[in-house]
Amino acid sequence: MKGPMPIAGVMGWPARQSLSPRLHGFWLKEHGIDGAFVPLPTRPEDLSTALRGLRVAGFRGVNVTVPHKEAAFALADRLDPVARAAGAVNLLVFRGGGMEGFNTDVFGLAASLAETLGDAALRGKPAVLLGAGGAARAAVLALDSLSVNEIRILNRHRGRGEALAAALAPVAKAKLSAAGLEGWSKAAGDAALVVNATSAGMKDTPSLDLDLETLPKDAAVCDIVYNPLETDLLKRAKCAGLRTIDGLGMLMHQAVPSFAAFFGLTPKVTPALRVELEKALADG
Ligand SMILES: NC(=O)c1ccc[n+]([C@@H]2O[C@H](COP(=O)([O-])OP(=O)(O)OC[C@H]3O[C@@H](n4cnc5c(N)ncnc54)[C@H](OP(=O)(O)O)[C@@H]3O)[C@@H](O)[C@H]2O)c1
């Protein structure tokens, strides 16, 4: 690559450890690219100033994570259609004197599900989506891109689920409905897939207590929480003989378009990359 060394990073707050530097670092090394991807802990009130500084400093762009995804959406000069529908941006590319906003979480989840279940496995089938926050919004778009026929949103606060269904109904091909978590038995009976997009199940937080026996025997359970990698929900799904998909798949795949935008090469998600990230998680 000609010109100055390409550099990019990830902005988030609090400054908890992100796996992204390890992930991009793995690909940089694999492809012999003399570039860097650095952690950029950034307070919400400093986001706009920090972005200006990074552009002046010659960064190619940044990934943004919690709690900056909505603010990045508002700050982007141009948005791609997926980011516009998601209402959130996790990739800002500095180009032509402006910032282009993308949402690669949608692609990341769709690619992870397709990789494990097959491209057409969910076509015309109903899915249950747990949660109604930012990640759930991306998950609705991901499931819709895989042609499920119905997305049943279940959320602790039912009103938030209803708002999500109403917001995305105009752009989704699938039928969207919303209920509280007590709607589980009705929603799960014929579901091909359950996606947990709540933060329940993260380290030190109990997983949702759902009766997985309600699901059809050939259903799959995906938990986008990746720390711990095997959440209680996934453990119980395995015990019930269901197929499982962990959150590392989404994390790895969402990084592919970011790396391509920053470093000019489309990397591959490989078992070696997974081993690297599992090691990083185990190291804490
Ligand atoms: N694998 C990946 O690449 C990836 C990407 C993005 C996010 N994530 C993960 O996705 C999770 C959600 O992120 P987010 O940005 O969507 O967060 P968020 O906007 O804060 O939304 C949190 C969601 O979790 C629900 N929730 C939280 N605690 C709960 C509990 N104890 N019981 C039931 N529901 C609970 C909330 O329900 P209420 O609305 O009722 O409060 C809401 O639906 C996080 O764990 C994040 O790490 C993973």
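We count ligands from 1, going down the list as the structure has it; atoms in each ligand are counted the same way.
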| task | Hydrophobic side-chain clustering at under 4.5 Å (ILVMFWY, transitive links): who's grouped with L54? Put none if nobody. | result | I7, M11, V38, L40, L47, L51, F59, V62, V64, F73, L75, L79, V89, L92, F94, M99

| Pair R236 + D211, salt bridge at N-O below 4.0 Å | no

| Are the side chains of W184 and D209 in touch, meaning some heavy atoms are under 4.5 Å apart? | no

| Heavy-atom count around K203 NZ within 6.0 Å, excluding the residue itself: above 12? | no

| Residue pairs, two or more places apart or on separate chains, that pass ring pair (Phe, Tyr, Trp, His ring centres under 6.0 Å) and touch residues 201-260 | H24-F259, W27-F259, F259-F263

Tabulate distances under 3.5 Å between N/O atoms of ligand 1 and N/O atoms of the protein, writing both atom names on each line.
from     : atom 1 : to   : atom 2 : distance (Å)
ligand 1 : 1 (N)  : I224 : O      : 2.9
ligand 1 : 1 (N)  : G247 : O      : 3.0
ligand 1 : 3 (O)  : L251 : N      : 3.4
ligand 1 : 16 (O) : G134 : N      : 3.2
ligand 1 : 16 (O) : A135 : N      : 2.8
ligand 1 : 19 (O) : G134 : N      : 3.1
ligand 1 : 24 (O) : S199 : N      : 3.2
ligand 1 : 37 (O) : N155 : OD1    : 3.3
ligand 1 : 39 (O) : N155 : ND2    : 2.8
ligand 1 : 39 (O) : R160 : NH1    : 2.8
ligand 1 : 40 (O) : N155 : ND2    : 3.4
ligand 1 : 40 (O) : R156 : NE     : 3.2
ligand 1 : 40 (O) : H157 : N      : 2.9
ligand 1 : 40 (O) : H157 : ND1    : 2.5
ligand 1 : 41 (O) : R156 : NH2    : 2.9
ligand 1 : 41 (O) : H157 : ND1    : 3.4
ligand 1 : 43 (O) : A132 : N      : 2.9
ligand 1 : 43 (O) : N155 : OD1    : 2.8

| task | Would you please name every residue forming a side chain to side chain contact (heavy atoms under 4.5 Å, CB included) with K238, sequence neighbours left out? | result | E230, T244

